[in-house]
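Structure record follows, encoded as structure tokens.
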Amino acid sequence: MPSKGHEKIVRRSIPGLPSLPRPVYGRTESLPNRALTRRHSHPWVQLSYAIAGVLEIQTSAGRFVAPPQRAVWIPAGVPHRVFSSPRTEMRSLYLDC
């Protein structure tokens, strides 16, 4: 069991979408633990929003933090990783531009 304040980080998988099912596509995720996605990119724009918890998006340009009620815009084709705090409620909007 992790010591107090050091929750285990869970590797979060990303759904394999070869293309979006429609030009504007929304996803919701409940992330009960600290989570990390592998570095990835996709051919569509992503707007990631935290209604609870905190998201951190890492790109080669920097680290971008989205506390509750804030979002991060991820341009198409930009490699990024996503970290989340425990009990994060994540909403993502994908735009096929």
Side-chain angles (χ1 to χ4, degrees):
M1 175 179 278
S3 63
K4 186 175 180 180
H6 298 335
E7 297 90 0
K8 180 181 176 187
I9 296 177
V10 175
R11 185 79 60 178
R12 182 176 143 250
S13 63
I14 307 163
L17 286 175
S19 64
L20 294 179
R22 53 191 166 276
V24 177
Y25 182 69
R27 277 189 64 229
T28 66
E29 279 187 272
S30 295
L31 305 166
N33 302 309
R34 288 178 46 89
L36 164 68
T37 60
R38 63 175 172 74
R39 191 169 183 79
H40 67 284
S41 66
H42 28 73
W44 49 79
V45 171
Q46 179 177 349
L47 182 68
S48 287
Y49 176 82
I51 62 171
V54 178
L55 295 174
E56 179 183 319
I57 314 299
Q58 291 184 353
T59 71
S60 61
R63 296 167 69 181
F64 306 91
V65 177
Q69 311 304 317
R70 299 291 185 259
V72 175
W73 180 266
I74 306 164
V78 171
H80 59 283
R81 292 172 62 165
V82 181
F83 293 91
S84 67
S85 66
R87 295 172 297 286
T88 294
E89 291 291 330
M90 181 177 170
R91 305 298 183 256
S92 292
L93 188 62
Y94 299 149
L95 305 167
D96 192 7
C97 297

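Because the structure is a prediction, the values reported are computed rather than measured.
- Of the inter-residue distances, the one linking I51 atom CD1 with R91 atom CZ reads 3.5 Å to the nearest 0.5 angstrom.
- For the residue pair A50 and A66, the shortest heavy atom distance occurs at CB-O, 3.7 Å.
- For H80 against S41, the heavy-atom pair with the smallest separation is CE1-CA, 4.3 Å.
- In this structure, CD1 in I74 is found 8.5 Å from OH in Y94, a value given to the nearest 0.5 Å.
- Residues S60 and R39 share a closest heavy-atom pair of N-NH2, 4.0 Å.
- Expressed to the nearest 0.5 Å, how far CG of N33 lies from OG1 of T88 amounts to 10.0 Å.
- Listed by chain and residue number, nothing satisfies the salt bridge (Lys or Arg N to Asp or Glu O under 4.0 Å) test with R70 (two or more places apart in sequence, or in another chain).
- Going from atom CG of D96 over to atom CH2 of W44 covers 8.5 Å, rounded to the nearest 0.5 Å.
- The shortest side-chain heavy-atom distance between Y49 and Q69 falls under the 4.5 Å cut-off.
- Checked by atom type and distance alone, the side chain of T59 pairs as donor or acceptor with a backbone atom of A61 at under 3.5 Å.
- Closest of all the heavy-atom pairs between P68 and V54 is CD-CG2, 4.4 Å.
- Interatomic distance, OH of Y25 versus OG of S19, reported as 10.5 Å (0.5 Å rounding).
- Note on L93 and V78: separate hydrophobic clusters, where clusters join Ile, Leu, Val, Met, Phe, Trp and Tyr whose side-chain heavy atoms are under 4.5 Å apart, directly or indirectly.
- Of the possible donor and acceptor atoms, one in the side chain of T37 sits under 3.5 Å from a partner among the backbone N and O of V82.
- Proximity of V72 to L55: side-chain heavy atoms (C-beta onward) are nowhere separated by under 4.5 Å.
- At a threshold of 4.5 Å between non-hydrogen side-chain atoms, the residues L47 and L95 do not count as touching.
- Distance OG/S48 to CD/E56: 13.0 Å, rounded to 0.5 Å.
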